Amino acid sequence: MNATRFSQLLFFVFLSSYFITSAQPFNNIKNYKTNFNIASNGHSKLIAIRSFSNNNQKYFLLVDPTTLDTKVDLVSRYTINRLAWPNVLAIFKNSPYVKSLETAIAKDWQLQNAGIDHAIPGERGITLTIDLCPSHKSLDRIIFQSVFDEFNKIEQPAPLAVSVSGKWMLKHQNDLNWLKSLVDKKEINITWVNHSYNHEVNSLPLAENFLLAPGTNLEFEVLENEKLMLKNGLTPSVFFRFPGLVSDKSIVDKITAYGLIPIGSDAWLAKGQQPNAGSIVLIHGNGNEEIGVKDFIQLLKTKQADVKNKQWLLFDLRQGLEKEFER
Ligand SMILES: [Zn+2]
């Protein structure tokens, strides 16, 4: 091998190891903190909502205020300006990100289903959200398989949102790896939504249940779940789904102050709520909601012809809100 070939080879080895490294899970997260920075890099201006270190490298979790997309990137790649949260809201007040947050806050008085529950008015199709609350049962893989079967020639990869709880991730590594493999194969595209770490549920009334239960450590529920997501190679999105869809004004204010947008649902299928155009549909994929899964498979069947004619599509939560709130 001559010197040029050898240096080319070295370059490719470097390149591939670089990409593999950057996709690797974060196994050694330290100093995981909520703080807000404007992170500029050339033309792009992102909002850093978390900072942490991993193996002596410093990282940000960054939000694009227009597309609502998130990514993890090295702090050293950006020029940074530290900001208090109210300043973020003021500076980016015309962005889809802040408009989404404000829409969620405006509905914060509801005990159930606060946040954004309907994505794109007038659009032909729905946004699918699948909750993975703690469960002893296996993942309902049929949901994801059916989405792929119906949409693989129409939308590839088909977008959907999965709300993960920490306790589900810890017990279902095989199912989680299977979901990640579908994303790697570009069969589906998953927006990973924080669904709290413990997802406690008790027998008290809603006002004292789920995250409203006395003694709940909200900081732990939010940040430990994000850390576990990162450890598992999932990039946390800007979205949060309340366990049981239960919240009050004070907790919505706290969640939005973490930079997260609460996502409700106007079509929880197992409760008999019918989806309409632009609905955010909720089903549970954790093996505990047979009826919701059955209803969803049935819904796909009735829409089969519309799907083929592109008259009924699945919408990405991020793109839906960008479209709804862009000027
Ligand atoms: Zn749940």
Side-chain angles (χ1 to χ4, degrees), residues 104 107-108 110-117 126-144 160-173 175-176 179 190-213 215-229 232 234 236-248 251-252 254-255 258 260-273 275 279-296 317:
K107 283 183 62 197
D108 64 3
Q110 290 182 208
L111 190 55
Q112 235 183 338
N113 202 27
I116 290 175
D117 66 358
I126 57 151
T127 296
L128 177 61
T129 64
I130 299 157
D131 285 6
L132 299 177
C133 329
S135 168
H136 297 295
K137 296 181 183 158
S138 312
L139 179 73
D140 283 303
R141 295 190 181 193
I142 189 171
I143 301 169
F144 303 90
L160 46 89
V162 173
S163 324
V164 275
S165 58
K167 285 198 167 162
W168 186 90
M169 281 187 274
L170 291 172
K171 282 212 177 113
H172 298 273
Q173 284 288 312
D175 282 331
L176 186 58
L179 284 175
I190 299 180
T191 302
W192 297 101
V193 177
N194 189 340
H195 195 34
S196 84
Y197 188 92
N198 286 303
H199 195 299
E200 292 284 354
V201 52
N202 58 38
S203 52
L204 296 171
L206 290 185
E208 298 165 74
N209 209 335
F210 298 102
L211 289 183
L212 302 182
T216 298
N217 180 346
L218 193 63
E219 175 107 340
F220 182 93
E221 295 297 335
V222 174
L223 299 187
E224 286 305 312
N225 203 38
E226 287 181 1
K227 282 161 73 177
L228 191 56
M229 290 165 86
N232 280 287
L234 315 179
S237 68
V238 267
F239 304 113
F240 188 87
R241 173 155 271 155
F242 286 112
L245 294 183
V246 169
S247 60
D248 65 8
I251 212 163
V252 169
K254 284 178 191 153
I255 286 294
Y258 281 102
L260 301 176
I261 304 165
I263 295 295
S265 163
D266 64 349
W268 185 338
L269 296 188
K271 295 209 164 177
Q273 298 167 350
S279 273
I280 296 181
V281 169
L282 165 60
I283 51 175
H284 286 79
N286 62 350
N288 284 336
E289 200 186 64
E290 227 172 283
I291 191 164
V293 175
K294 232 170 87 188
D295 286 350
F296 177 70
L317 198 47

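Just so it is clear, the structure is predicted and the values come from calculations on it, not from any experiment. In listed order, ligands and their atoms are each counted from 1.
The aromatic ring centres of H284 and W268 sit less than 6.0 Å apart.
Within a 6.0 Å radius of CD1 in I291, other residues, nucleotides and ligands contribute 12 heavy atoms or fewer.
Around the Zn ion (ligand 1), protein atoms of type N, O or S found under 2.8 Å number 3.
Judged purely by distance below 3.5 Å, without hydrogens or angles, the side chains of Q173 and N232 pair a donor atom with an acceptor atom.
With sequence neighbours excluded, no residue forms a side-chain hydrogen bond (donor to acceptor under 3.5 Å, both in side chains) with Q112. Every residue two or more places apart in sequence or in another chain was checked for a side-chain hydrogen bond (donor to acceptor under 3.5 Å, both in side chains) with S265, and none qualifies. Applying the salt bridge (Lys or Arg N to Asp or Glu O under 4.0 Å) rule to D266 yields no partners; only residues at least two apart in sequence or on another chain are considered.
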